[in-house]
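The structure displayed is predicted, hence computed values, not measured ones.
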Amino acid sequence: MAKNFSSREDNYSQWYNDIVIKADLAENSAVRGCMVIKPYGYAIWEKVQATLDKMFKETGHENAYFPIFIPKSFFNKEASHVEGFAKECAVVTHYRLKSSEDGKEIIVDEDAKLEEELIVRPTSETIIWDTYKRWIQSYRDLPVKINQWANVVRWEMRTRLFLRTTEFLWQEGHTAHETKEEAIAETEQMLEVYSNFAENFMAIPVLKGTKSPNERFAGAVETYCIEALMQDGKALQAGTSHFLGQNFAKAFDVKYLSKENKLDYVWATSWGVSTRLMGALIMSHSDDKGLVLPPKLAPIQVIIVPIYKTKEQLDQITEKVLKIKKAMEDKGISVKYDDRDTQKPGWKFNEYEFKGVPIRLAIGPRDMENGTIELARRDTLEKEIYQIADIENKVKNLLEKIQSNLYERALSFREEKTFYIDTWDEFKERVEKGGFIYAHWDGTSETEQKIKDETKATIRTIPLEGKKEEGKCIYSGKPSSQRVVFAKAY
RNA sequence: CGGGGUAUAGCGUAGUCCGGUUAGCGCGCCUGCUUUGGGAGCAGGAGGUCGCAGGUUCGAAUCCUGCUACCCCGACCA
């Protein structure tokens, strides 16, 4: 039993916060809206990074790094882009401090005012496209396929650990192509990478689709996204991939000369996922006993806890455990042996339980006599006694099973919470209860806005998959060519 | 930025209305002994500018004024 732990039913957001804090993932910092990511939380993020980074490189991308500061004037160049971000930018105006007259405090030196203010990047399209202008002259320079791992700042009104912080970590891919078709193919490919990562590593089923114009990225021609459903029935945008058309090439004058000696603007994409994925991960699988991690992203996959009375018993157990640990590590499993004498076994059980470690092995004098070991699964909370012989293979198989079980569990949850709704009254009622709602929409921004105003539900995505049946808009009754997915969102 | 609230030890809190010895309690922390198969027990101990600045008073965590920070609900958003 975890102490001081809120339940999901009791208070969902409190439950979420408790997990982040008590599982030692992150905490609030001295700076409003900015978090400290603690070692255990950061270790998960590093796994996310390592996995995605490999996928990006396998699809032909290279990493690079661009400045955190962007000259203010760059934001003027793409009209809808500036409109989208202007209201949440941190601005650097000075470059020096000095002591106040009375010498008691440090103040901004007004003499050190910047000629042109610098914007702390909310996203890097502008500085990157300004750079691409110098990199690209010919079709021989294309495509350019760059990814950057970085921090960005968006001055949001209200923040929540991992889900929305003023500063957050992410990756942003920025590519330049000869043709529209190639750029769209890139956008779609990266959407596939994201959904593959979400489903196969995070064990989170996602809907793939495009955004309505209202929800589209500022400056994009088309925004693709993956949407996940959280346990409280709210949707979470887990990743986006944008087809930017020639908007940024035109804004930053990036042209190339084709084989046919024709000058044309290049075609662009950008795509990103952030530390928000950590929020999705936490909310998708965790329970009232704490965090539950999918084995593929768990910093510790197996924790081993010794149970003993005497030093001699501990020594014997340790000798045995080190062999088991080595055998498991040889199978690529990450194992921690917690032989600290400062905490009792029960304390450790609880500790690793709310930190979401997928498998716990406990071994004591009884096991030493019988050649057994106790194994506890975090996902189902089942405990079972196993023979020690060949335990490494049993554990390996079980880790795979836990990984797929978490996915299946999240998938059936989503299916239970997916509804096809055809009347406005039913729609309003359903929105309140949460879940994905497939409903017809007349395709206009006005209707989408009215639905949002009346119910707080937004179009999460226009799904790429599934049958395209015609119908009548749930709100206006006008004709619709396919159902779109509505939900309240984070 | 609008509405509401809070600020006391590392964390959580009592005390504030109605001013009065040394600011109390739980968790955590330190020492010792006993313990160890689901968050151990006992004994002893350390730790406080009561958010900040002023004021009233013989006396302020408590009353008054100003300020600051944070939290919740909205508008904004990955």
Give a yes-or-no answer on whether the side chains of [X] and [Y] include a donor-acceptor pair shorter than 3.5 Å.
{"X": "E125(A)", "Y": "T123(A)", "value": "yes"}
{"X": "Y337(A)", "Y": "T318(A)", "value": "yes"}
{"X": "R160(A)", "Y": "N17(A)", "value": "no"}
{"X": "K336(A)", "Y": "Q301(A)", "value": "no"}
{"X": "D339(A)", "Y": "Y308(A)", "value": "no"}
{"X": "Y352(A)", "Y": "D338(A)", "value": "yes"}

Gap in Å between the two [atom1] atoms, one belonging to [N] and one to [M], rounded:
{"N": "U57(B)", "M": "U62(B)", "atom1": "C1'", "answer": "13 Å"}
{"N": "C71(B)", "M": "U34(B)", "atom1": "P", "answer": "47 Å"}
{"N": "U16(B)", "M": "G51(B)", "atom1": "P", "answer": "15 Å"}
{"N": "C17(B)", "M": "A61(B)", "atom1": "C1'", "answer": "14 Å"}
{"N": "G48(B)", "M": "G10(B)", "atom1": "P", "answer": "8 Å"}
{"N": "G59(B)", "M": "G20(B)", "atom1": "P", "answer": "15 Å"}
{"N": "A23(B)", "M": "C42(B)", "atom1": "P", "answer": "27 Å"}
{"N": "G41(B)", "M": "G26(B)", "atom1": "P", "answer": "13 Å"}

Using whole Å, report how far [atom1] of [X] lies from [atom2] of [N].
{"X": "Y16(A)", "N": "C71(B)", "atom1": "OH", "atom2": "P", "answer": "15 Å"}
{"X": "M35(A)", "N": "A78(B)", "atom1": "CE", "atom2": "C1'", "answer": "12 Å"}
{"X": "Q14(A)", "N": "C71(B)", "atom1": "CD", "atom2": "C1'", "answer": "11 Å"}
{"X": "R160(A)", "N": "C76(B)", "atom1": "CZ", "atom2": "P", "answer": "18 Å"}
{"X": "N28(A)", "N": "A69(B)", "atom1": "CG", "atom2": "C1'", "answer": "13 Å"}
{"X": "F349(A)", "N": "U36(B)", "atom1": "CZ", "atom2": "C1'", "answer": "10 Å"}
{"X": "N350(A)", "N": "G37(B)", "atom1": "CG", "atom2": "P", "answer": "12 Å"}
{"X": "R32(A)", "N": "C72(B)", "atom1": "CZ", "atom2": "P", "answer": "12 Å"}

Practice prompt. Go through the structure and list residues passing salt bridge (Lys or Arg N to Asp or Glu O under 4.0 Å) with K325(A), not counting sequence neighbours.
Written response: E329(A)
Looking for any heavy atom pair under 4.0 Å, which part of the strands does [X] touch: base, sugar-phosphate only, or nothing?
{"X": "R360(A)", "result": "base"}
{"X": "T223(A)", "result": "nothing"}
{"X": "F217(A)", "result": "nothing"}
{"X": "L163(A)", "result": "base"}

Item to complete: Please list residues of residues 298-320 of chain A whose heavy atoms come under 4.0 Å from any atom in RNA chain B, ordered by number; otherwise none.
Response: I307(A), Y308(A), K309(A)
Worksheet item: Considering only heavy atoms, which members of residues 361-374 of chain A lie under 4.0 Å from some atom of RNA chain B?
Response: A362(A), G364(A), P365(A), R366(A), D367(A), E374(A)
Worksheet item: Got a sec, which residues hit side-chain hydrogen bond (donor to acceptor under 3.5 Å, both in side chains) with S195(A), two or more places apart in sequence or on another chain?
Response: none
Discussion item. Test of understanding: with ring pair (Phe, Tyr, Trp, His ring centres under 6.0 Å), list the residues that count as partners of Y12(A), not counting sequence neighbours.
Written reply: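 Ring pair (Phe, Tyr, Trp, His ring centres under 6.0 Å) list for Y12(A), sorted by chain: W15(A).
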Worksheet item: Step by step, would you call W271(A) with Y194(A) a side chain to side chain contact (heavy atoms under 4.5 Å, CB included)?
Response: CA-CA 10 Å; W271(A) 30 273; Y194(A) 287 155; 3.3 Å; yes
Practice prompt. With the side chain of E156(A) defined as its heavy atoms from C-beta on, choose the nearest nucleotide among G38(B), C76(B), G39(B).
Written response: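 That would be C76(B).
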Fill in: Side chain of E351(A) (C-beta onward), nearest among G39(B), G38(B), A78(B)
G39(B)
Worksheet item: Taking for each residue the nucleotide of RNA chain B bearing the nearest heavy atom, is the 5' side occupied by T159(A) or by Q237(A)?
Response: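 The residue closer to the strand's 5' end, by nearest nucleotide, is T159(A).
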Worksheet item: Which residue lies toward the 5' end of RNA chain B, P345(A) or E88(A), if each is placed at its nearest nucleotide?
Response: P345(A)
Worksheet item: Are K296(A) and F201(A) in a cation-pi setup, meaning NZ or CZ lies under 6.0 angstrom from the ring centre and within 45 degrees of the ring axis?
Response: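 Positive - K296(A) is close enough to the ring of F201(A) and near enough to its axis.
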Practice prompt. Kindly say if K344(A) contacts the phosphate of A40(B), meaning a side-chain N or O under 4.0 Å from OP1 or OP2.
Written response: yes
Fill in: For the student: nearest non-hydrogen atoms of E432(A) and T455(A), plus distance
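Looks like OE2-O, 4.3 Å.
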Worksheet entry | Bracket string, RNA chain B, 5' to 3' - pairs by Watson-Crick or G-U geometry under 3.5 Å, | interstrand | (((((((..((((......[...)))).((((((.....)))))).....(((((..]....))))))))))))....
Discussion item. If you take the centroid of each ring, where Trp contributes its six-membered ring, are H174(A) and Y132(A) closer together than 6.0 Å?
Written reply: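 Not under 6.0 Å, so no.
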Worksheet item: Out of Q14(A), E9(A), R8(A), which one pairs with N11(A) under the side-chain contact (heavy atoms from CB on, under 4.5 Å) rule?
Response: Q14(A)
Practice prompt. Mark yes or no for a side-chain to base donor-acceptor pair under 3.5 Å between E353(A) and G38(B), with no hydrogen or angle criteria applied.
Written response: yes
Discussion item. Tell me if the side-chain of K456(A) makes a donor-acceptor pair with the base of G74(B), cut-off 3.5 Å, by modelled atom types.
Written reply: no
